[in-house]
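Just so we're clear, the structure is a prediction, and the values are computed from it rather than from any experiment.
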Amino acid sequence: MSSETGPLKATAAMWRCSRIMHLLRELRPTLLSALEAIADQMIWFRENWCEEVLRQLKHTLSRCQTLAFENSNNVSDAQTTVPVQNSLRRLVSTFGLGIESSSSISSTFSSAASESLTKRKLATSQDPVFQRLKAKFSRDFDFSLPNSTRLHNVIGKLKKWIRILESKMAVLPKSFLLEERCRFLNNFSLSNTEVELPGEFLSPKGGGAKPLSYCIKIARFMPRVEIVRKCGISARRLFIRGHNGKVYPYLVTNDASLTDSRREERVLQLCRAMNVYFSKRKESCKRNLVFYVPKVVAVSPQMRLVEDNPTNLCLLDIFKQYCRQHDLDPEIGRA
């Protein structure tokens with residue numbers, strides 16, 4: 001591998017990481033192979049083109065609404081910023097196909113999976129419905145037209161396309177079988193190798209109800225995977241049965257920003273450390289005051305496994321459910 005300044009040299013830290021991987025492969029070859037195979041299978045849980053575009057549109061809408069708040073005195077004449085325009089131009093050029101680029105996937109995942117995603121990208125680009133939506137989307141966000149950069153107009157178009165894609169996602173399947181896409185996960189069992197639950201070592205152990213050496217191991221992956229929308233994002237809910245008989249749900253999410261995801265994980269680490277402090281205080285123990293801290297494990301730079309509780313709902317989901325039941329527009333709400 002070379003650049004304009006010459007060949008790229010490995011740093012001391014890179015050599016140490018490579019040495020650690022070689023040692024792990026020598027000491028635990030079966031375990032490391034199983035972990036690599038599980039990480040390779042996560043590519044089948046990536047969002048489709050509709051979910052990708054919807055996520056990016058909501059992120060852009062949030063930025064535009066922030067600009068509208070900052071220019072609340074004269075929002076009707078406010079203009080969108082250059083970064084917002086560049087983000088929309090990039091979305092127009094890719095429009096749902098950027099996430100399935102084989103050049104960015106093949107270096108992380110297996111060649112067979114990247115080849116399958118390349119075929120899916122080709123089939124999507126040849127879909128007549130997809131082509132019509134892409135043409136309409138390009139016309140709506142053509143910034144060469146007059147008044148096309150006005151913030152009020154851009155926000156209206158973003159809300160329009162969010163409604164279009166949400167209505168399209170409402171008719172998509174809500175689940176799929178694991179054996180149809182992930183044969184390794186479907187055939188995985190505790191007899192093959194012992195792999196702990198994702199994030200199991202993040203929970204503090206010792207001195208409590210669980211001994212320090214107790215870790216829950218994966219017995220099998222449950223056969224059905226749910227496609228859910230939670231807290232404004234689309235994710236795949238994967239159910240894992242532990243060797244203790246309990247079923248643990250995890251969300252496989254696609255990260256919009258690597259920086260925001262790592263910042264969120266650092267905040268969760270802080271909350272986890274504060275829970276240890278609360279457990280040692282008499283008044284907080286009396287009231288059982290703790291932070292709910294889900295386990296978060298990064299599978300790749302763009303994907304994470306997040307511990308889930310299907311019974312949890314955010315206030316936004318409750319509000320949207322109420323609007324659907326009473327035939328109300330969630331953007332207008334109720335006076």
Side-chain angles (χ1 to χ4, degrees), residues 40-64 83-109 113-141 154 157-176 181-182 225-238 251-261 264 298-306 316:
D40 288 343
Q41 296 283 286
M42 290 297 109
I43 194 173
W44 300 109
F45 297 93
R46 297 176 74 93
E47 55 193 3
N48 56 35
W49 71 268
C50 187
E51 294 169 334
E52 179 207 358
V53 175
L54 182 61
R55 171 173 55 82
Q56 295 182 0
L57 287 177
K58 287 184 176 181
H59 179 68
T60 306
L61 177 61
S62 177
R63 295 169 62 182
C64 291
V84 171
Q85 295 179 24
N86 292 336
S87 176
L88 287 173
R89 288 192 184 98
R90 187 165 54 250
L91 184 56
V92 168
S93 63
T94 58
F95 194 72
L97 298 179
I99 195 171
E100 296 179 357
S101 176
S102 59
S103 60
S104 62
I105 292 174
S106 58
S107 60
T108 307
F109 297 101
S114 63
E115 181 182 354
S116 178
L117 282 185
T118 303
K119 293 180 180 178
R120 191 175 74 174
K121 174 184 175 181
L122 182 61
T124 301
S125 61
Q126 296 176 349
D127 186 8
V129 177
F130 174 82
Q131 293 176 354
R132 287 196 299 269
L133 287 176
K134 184 177 182 179
K136 292 179 181 178
F137 189 84
S138 302
R139 289 194 297 268
D140 280 353
F141 292 99
V154 173
K157 292 177 181 177
L158 287 173
K159 290 182 178 179
K160 165 193 167 183
W161 277 97
I162 287 175
R163 288 194 295 268
I164 291 174
L165 294 178
E166 284 182 342
S167 61
K168 183 175 179 58
M169 288 180 55
V171 299
L172 295 178
K174 299 297 186 293
S175 64
F176 62 88
R181 306 185 185 183
C182 310
V225 178
E226 297 179 355
I227 303 175
V228 299
R229 295 181 60 196
K230 197 167 186 178
C231 300
I233 62 172
S234 297
R236 299 337 186 226
R237 180 178 286 145
L238 177 66
L251 292 180
V252 185
T253 63
N254 294 265
D255 297 333
S257 173
L258 181 62
T259 304
D260 294 342
S261 301
E264 178 184 332
V299 180
S300 72
Q302 292 83 25
M303 300 185 71
R304 294 189 299 172
L305 279 171
V306 182
L316 179 61

Full working for side chain to side chain contact (heavy atoms under 4.5 Å, CB included) between Thr60 and Val154: CA-CA 10 Å; Thr60 306; Val154 173; 5.9 Å; no
Step by step, would you call Val225 with Arg237 a side chain to side chain contact (heavy atoms under 4.5 Å, CB included)? CA-CA 6 Å; Val225 178; Arg237 180 178 286 145; 5.8 Å; no
Please lay out, stage by stage, how Arg63 and Ser87 fare under the test side chain to side chain contact (heavy atoms under 4.5 Å, CB included). CA-CA 11 Å; Arg63 295 169 62 182; Ser87 176; 3.9 Å; yes
Are Cys182 and Phe45 close enough, and set up right, to give a side chain to side chain contact (heavy atoms under 4.5 Å, CB included), and what steps lead you there? CA-CA 9 Å; Cys182 310; Phe45 297 93; 3.9 Å; yes
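Take Phe176 and apply the ring pair (Phe, Tyr, Trp, His ring centres under 6.0 Å) test, not counting sequence neighbours, and it matches no residue. Not counting sequence neighbours, Arg90 has no partner by the salt bridge (Lys or Arg N to Asp or Glu O under 4.0 Å) test. Under the salt bridge (Lys or Arg N to Asp or Glu O under 4.0 Å) criterion, Lys134 pairs with no residue at all, not counting sequence neighbours.
Going from atom CZ of Phe141 over to atom CD of Gln85 covers 12.0 Å, rounded to the nearest 0.5 Å. The distance from atom CD of Gln131 to atom CG of Leu133, rounded to the nearest 0.5 Å, is 10.5 Å. Rounded to the nearest 0.5 angstrom, Glu166 CD and Trp161 CH2 are separated by 13.5 Å. Atom NZ of residue Lys168 and atom CG of residue Asn48 lie 9.0 Å apart, to the nearest 0.5 angstrom. With rounding to the nearest 0.5 angstrom, the CG atom of Leu57 is 5.5 Å from the CG atom of Leu91. Going from atom CE of Met169 over to atom OG of Ser234 covers 3.5 Å, rounded to the nearest 0.5 Å.
Salt bridge annotation for Arg46-Glu52: absent, with no cationic side-chain nitrogen under 4.0 angstrom from a carboxylate oxygen. In summary, Glu226 and Lys174 do not engage in a salt bridge, as defined by a charged side-chain N under 4.0 Å from a carboxylate O. The pair Arg236-Glu51 meets the salt-bridge criterion, since a charged nitrogen lies less than 4.0 angstrom from a carboxylate oxygen.
Considering all non-hydrogen atoms of both residues, Leu54 and Arg229 come closest at CD2-NH2, 4.0 Å. Minimum heavy-atom separation, Cys64 to Leu158: SG-CD1, 3.9 Å. Nearest approach of Asn254 to Arg55, heavy atoms of both residues: O-CD, 4.2 Å. Closest approach of Pro173 to Ile227, counting heavy atoms only: O-CD1, 3.5 Å.
Partner of Val299 under the side chain to side chain contact (heavy atoms under 4.5 Å, CB included) criterion, chosen from Thr253, Leu305, Asp40: Leu305.
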